[in-house]
Amino acid sequence: MSSPAPFFASSPLSITSQRRTPKSRFTYKQLHQLKSYSPQTPLRVIAHVDLDAFYAQCETVRLNIDPSKPLAVQQWQGLIAINYPARAYGLSRHVTSTEALKACPELILQHVATWKEGDEKWAYHEEAFKHIATHKVSLDPYRMESRKILKCIKESLPEKEQRVEKASIDEVFMDLSAQVYTILLERYPELGGPPPYDDPSEYLPIVPTTVLDWKADALVETGEEDGEVKDPDWDDVCLVIASEIVRDVRAQVKEQLGYTCSGGIAKNKMIAKLGSGYKKPNQQTVIRNRAVKHFLGEMKFTKIRMLGGKLGDEAVAMFGTDKVRELLEQPLEQLKRLGDDTGSWLYNTIRGEDHSEVNPGTQIKSMLSAKSFRPAINSFDQGVRWLRIFVADIFSRCVEEGVLENKRRPKTINLHHRQGAQTKSRQSPIPQGKPLSEVVLFDLAKNLLAQIVVDGRAWPCANLSLSVGGFEDGITNNKGIGGFLVRGEEAKAMMSNNRSSISGSEPPAKRRRTKGNIKSFFGPPSKERKDFDAARAVLKAHQESTREEEDDNEEPDDEEFSAPPLEESKAKPMTPTTNRHESMDDSFGARTSPSAQLQIKAEPLPTQELRDHTPHPIKQQPYQLYQKKIDTFFCDKCNIHLPITDRSEHDDYHVALDLSREMRQEERNQPLPTSAVKKTPVAPKPSRGRGRPPGGGNGSGSGRAVEKGQAKLVFGRQS
DNA sequence: GTGGATGAG
DNA sequence: CGCTCATCCAC
């Protein structure tokens, strides 16, 4: 906390003569630390500004609706934002749109903008909620407004004395210390002089004003008799000034853009944030340092950032209270039962200590486009269609980030996939050195999906999400000087090019005819098999094109710029793969011909987890599964016991194994040996209930040489 | 690199 | 609720 308040300051020289002079609790040093945004000075002034019901306000502004009318933003059947007039009807985020209308018949419901398949831009569609199966929501309009607001806020502050952090789409932190320092010296020139005895540790003079004008700001009470207005010190003055600044910022945002927001002003980020939520909407709250203890003490600590979840629950359970006041009684050692670092953090936090800085230039680190499928989707083709939308979404956001101008650029692309309780993800680097384009992203994304599909159990898929990440700041124009100036033009051309190619038709998924014993084995041309083939074709084509790009690498830059349309790149003739490294670590084709070996190696199949027999529990099993003993089943093909939690993965393993064997057969144009086409390849729906007890089991299944406990089938692999 | 957990909004 | 974003961690 702050230093003890020496109402009568001591000075190194004449103690007696100074005795009578009342002093501030703060030193010259602490005052001057304001200039440099030092997180240590107790005079520091931080503000938090939070837009009121942001999405809802965006819609009232966009549609020029009277803001006193109740309005909610709809996403499918749910509400994601409710303005304050509507909240008066008791509406909250958990009600459906129909329930909301029942409670408030005059409620204005506006659905969020959506991307429609095939469209090149999101739009506000009529009756969008009916199109959950074909549209994906877009938050772009809100991101754009957020950007405008941030810009407006920054323009309301002096260019040289601002430090603004975007904390979320509708929140900012401002460190007003430097600006407040300047204003303070203007208003109180006596502070500008050198400290007595040139000693920065000397205390400041007292504040000349006896009464501060807090305007209409909500002032948090101190909980003390006369603490409200008595003896203002410089920290109070700083907060008054900061409060004026915040009031002005808010007025600017309102005047120029029409948005109301709430503010919190205090000595650090944590308190400021709590302050902005204290009185809403369209108000601001000052928490003076002398009020912090009271303010926090009355609060539930679960309101504090980071304590709103599991950690907060743990603390509540551990100490039997959710009140800050009561938690204050716990010594540090007790709090450390939550973990050393966590305990220390909590100890300081509930005492109002937070020295974290306001970080300006908070750039985005990743971006994601996702959709939950209701109902689930069931084919590679469907998945690819969504990928188009994701890519369009993400790429347009990349453009906003300055990717075309090479200001920033993502390094990796990642596809997440959920099937039932299982999630999978595949990622790949985004090739650097070339301009990023929609086609490039789409190609990568499609390849990632193909990887997931060939890995097994992909359908029905309940969720897909595509993200790019690892954004790097301007790898500024250090690269090849040639062909750099025209980038802007080319980028434009590129975008229109991409557009046509990306919305074009699918590359013809090469259908492999499956007949004879294969057919009898897998049944009629199953959906699974078609999918598998389509995915595999994509993988193969991708590898081909990758190889060609590598060959092209010596070519001048302008070649690459005219990215071939998707169809072309897929239709390129397959160049035989005679790459030395590829066969190097390949133990896959031990039983196959050399030529087949090379081809097979090109398939990233099957994946690590499918090759690996090491038992591991499947993700988010219901809690009981972790608690109770895990049964095992016996795989008579592998002659090995496995926990039943591994059952489905293990089955996938066999599916992949059989498929790859089958494919090898096809490549060689030879009949499949009957031994491979045997009975019960895989129990399609393993009955979870009856796992065989350990030890129960028959001997060898197939001729596969796999020993219990060391089931290691080595496949050639792939990145 | 894969994939979960956690948390905020 | 769904959709973003971020960070941390185990393997």
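Below, chains carry the letters A, B, ... as their sequence lines are ordered, and counting in each starts from 1. The figures here come from the full heavy-atom set of this structure, side chains too, leaving out hydrogens, waters and symmetry mates.
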Generate the contact string for nucleotides 5-11 of chain C. Rules: B means base contact, S means sugar-phosphate contact only, - means no protein heavy atom under 4.0 Å. SSS----
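Put simply, Lys273(A) has a side-chain N or O that comes within less than 4.0 Å of OP1 or OP2 on dG9(B). At the phosphate of dC3(C), OP1 or OP2 sits under 4.0 Å from a side-chain N or O atom of Ser372(A). In this structure, Gln75(A) does not reach the dC1(C) phosphate: none of its side-chain N or O atoms is under 4.0 Å from OP1 or OP2. Dashed line: the shortest gap from a side-chain N or O of Arg426(A) to OP1 or OP2 of dG3(B) is under 4.0 Å.
Not one N or O on the side chain of Lys280(A) forms a donor-acceptor pair closer than 3.5 Å with the backbone of Gly263(A). A donor-acceptor pair under 3.5 Å is absent between the side-chain atoms of Glu353(A) and the main chain of Asn348(A), judged by distance alone. Between the side chain of Gln382(A) and the main chain of Asn378(A), a donor-acceptor pair closer than 3.5 Å is present.
Counting all heavy atoms, side chain and backbone alike, Ile413(A) lies closest to Leu441(A) at CD1-O, 3.8 Å. For Gln432(A) against Lys411(A), the heavy-atom pair with the smallest separation is NE2-CA, 3.7 Å.
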In sequence, state the C-alpha distance, the side-chain angles, and the governing distance for Arg163(A) and Glu357(A), and then conclude on salt bridge (charged side-chain N to carboxylate O under 4.0 Å, His left out). CA-CA 10 Å; Arg163(A) 187 182 274 200; Glu357(A) 296 193 53; 3.2 Å; yes
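For the pair Glu314(A) CD and dA5(B) C1', the computed distance is 12 Å after rounding to whole Å. Counting to the nearest Å, the C1' atom of dA8(B) and the NE2 atom of His48(A) are 11 Å from each other. For the pair Asp52(A) CG and dG9(B) C1', the interatomic distance rounds to 15 Å; values are reported in whole Å. If you take CG of Leu448(A) and P of dG3(B), they are 12 Å apart, rounded to a whole angstrom. dT4(C) atom C1' lies 16 Å from atom CH2 of Trp115(A), rounded to whole Å. As a whole-Å value, the separation of Asp50(A) CG from dA8(B) P is 14 Å. Atom CG of Leu139(A) is separated from atom P of dT4(C) by 5 Å (rounded to the nearest Å). At whole-Å resolution of the value, CG in Asn463(A) and P in dG2(C) are 11 Å apart.
Contacts of Ile132(A) with the nucleic acid, taken as non-hydrogen atoms under 4.0 Å apart, are absent.
Each of Arg93(A) and Lys136(A) has a nearest nucleotide on DNA chain C; the 5'-most of these lies closest to Arg93(A).
Sorted by residue number, the members of residues 165-172 of chain A with any non-hydrogen atom under 4.0 Å from DNA chain B read Asp170(A), Glu171(A).
The residue from Asp52(A), Asp50(A), Asn282(A) that alone fulfils the side chain to side chain donor-acceptor pair (under 3.5 Å) condition with Ser262(A) is Asp52(A).
Among dT2(B), dG7(B), dT4(C), the nucleotide with an atom closest to any side-chain atom of Ala370(A) is dT4(C).
Using a 4.0 Å cut-off between charged side-chain N and carboxylate O, Arg397(A) and Glu400(A) make no salt bridge.
For Lys116(A), the salt bridge (charged side-chain N to carboxylate O under 4.0 Å, His left out) test picks out no residue, with sequence neighbours left out.
Below 30°, between 30° and 60°, or above 60°: for Tyr278(A) and Phe295(A) the angle between ring planes is above 60°, a perpendicular geometry.
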